[in-house]
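The next block holds one structure in the form of structure tokens; read it before the comments.
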Amino acid sequence: MNTPSIVSRQSWEAAREQLLVKEKAMMSARDALAAERRRMPWMAVEKAYEFVGPAGKVSLLDLFEGRRQLIVYRAFFEPGVFGWPEHACRGCSLGADQVSHLAHLHARNTTLAYASRATGGHRAFEGADGLADAVVHHHRQLRRRFRRGRLARP
């Protein structure tokens with residue numbers, strides 16, 4: 001294994017200063033790109049997406065729950081995923097475990113919904129380790145594929 005050389009404090013600080021200049025330039029470029037992304041035009045959603053959840057069948061518009069923004073997390077909770085049906089994808093479970101009280105999102109006029117192809121719909125989701133707290137917001141996608149897209153400006 002090749003390891004970096006051991007240098008004096010002054011050499012390390014000089015190298016760190018050079019790296020810091022590059023890091024700041026990269027952060028500035030990333031911020032500019034994010035601002036450009038936020039200014040992108042919107043596109044109308046013309047497909048009639050349907051989901052099934054605790055309230056039965058709902059449309060994509062229904063998932064907004066009257067709020068201005070919607071975050072749809074596509075959870076990999078379906079046959080073929082490691083641990084199915086007791087567990088969702090490890091990354092999806094980790095992400096769901098990190099969701100704190102939804103009042104924080106609601107205060108920002110945002111709804112969070114989980115969507116998967118779970119054959120048991122939201123009822124199957126209830127028994128999954130690591131995802132049970134998100135069950136109220138889980139919906140099974142029906143008929144059409146739900147693909148990435150911009151639904152509302154962040």
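One-based numbering along the sequence shown. All heavy atoms count here, side chains included; hydrogens, waters and symmetry mates do not.
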So how far is it from [X] [atom1] to [Y] [atom2], rounded to the nearest 0.5 Å?
X    : Y    : atom1 : atom2 : value
L105 : L70  : CG    : CG    : 10.5 Å
T110 : Q69  : OG1   : CD    : 4.0 Å
I71  : Y114 : CD1   : OH    : 9.5 Å
E50  : L63  : CD    : CG    : 11.0 Å
L112 : E65  : CG    : CD    : 9.5 Å

- Task: Taking the side chain as every heavy atom from C-beta outward, state whether V58 and V52 have any atom pair closer than 4.5 Å.
- Result: no
- Does the side chain of F51 reach to within under 4.5 Å of the side chain of S59, using non-hydrogen atoms? no
Side chain to side chain contact (heavy atoms under 4.5 Å, CB included) involving [X] - partner list, sequence neighbours excluded:
X   : value
A35 : R38, R39
L20 : R16, E17, E23, K24
S8  : Q10, S11

To which residues is [X] joined in a hydrophobic cluster, defined by side-chain heavy-atom contacts under 4.5 Å among Ile, Leu, Val, Met, Phe, Trp and Tyr, whether direct or through other members?
X   : value
V81 : F76
M27 : M26
V7  : W12
L19 : none

- Going by atom types only, do S28 and D31 share a side-chain donor-acceptor pair under 3.5 Å? no
- Do T111 and R67 get their side chains close enough for a donor-acceptor pair, meaning under 3.5 Å? yes
- Note on the structure: On a heavy-atom basis, the closest approach of S116 and R74 is CA-NH1, 4.3 Å
- Message: V45 vs L60, test: side chain to side chain contact (heavy atoms under 4.5 Å, CB included). Steps then yes/no.
- Response: CA-CA 9 Å; V45 177; L60 180 61; 3.8 Å; yes
- Listed by chain and number, what are the salt bridge (charged side-chain N to carboxylate O under 4.0 Å, His left out) partners of R90, not counting sequence neighbours? none
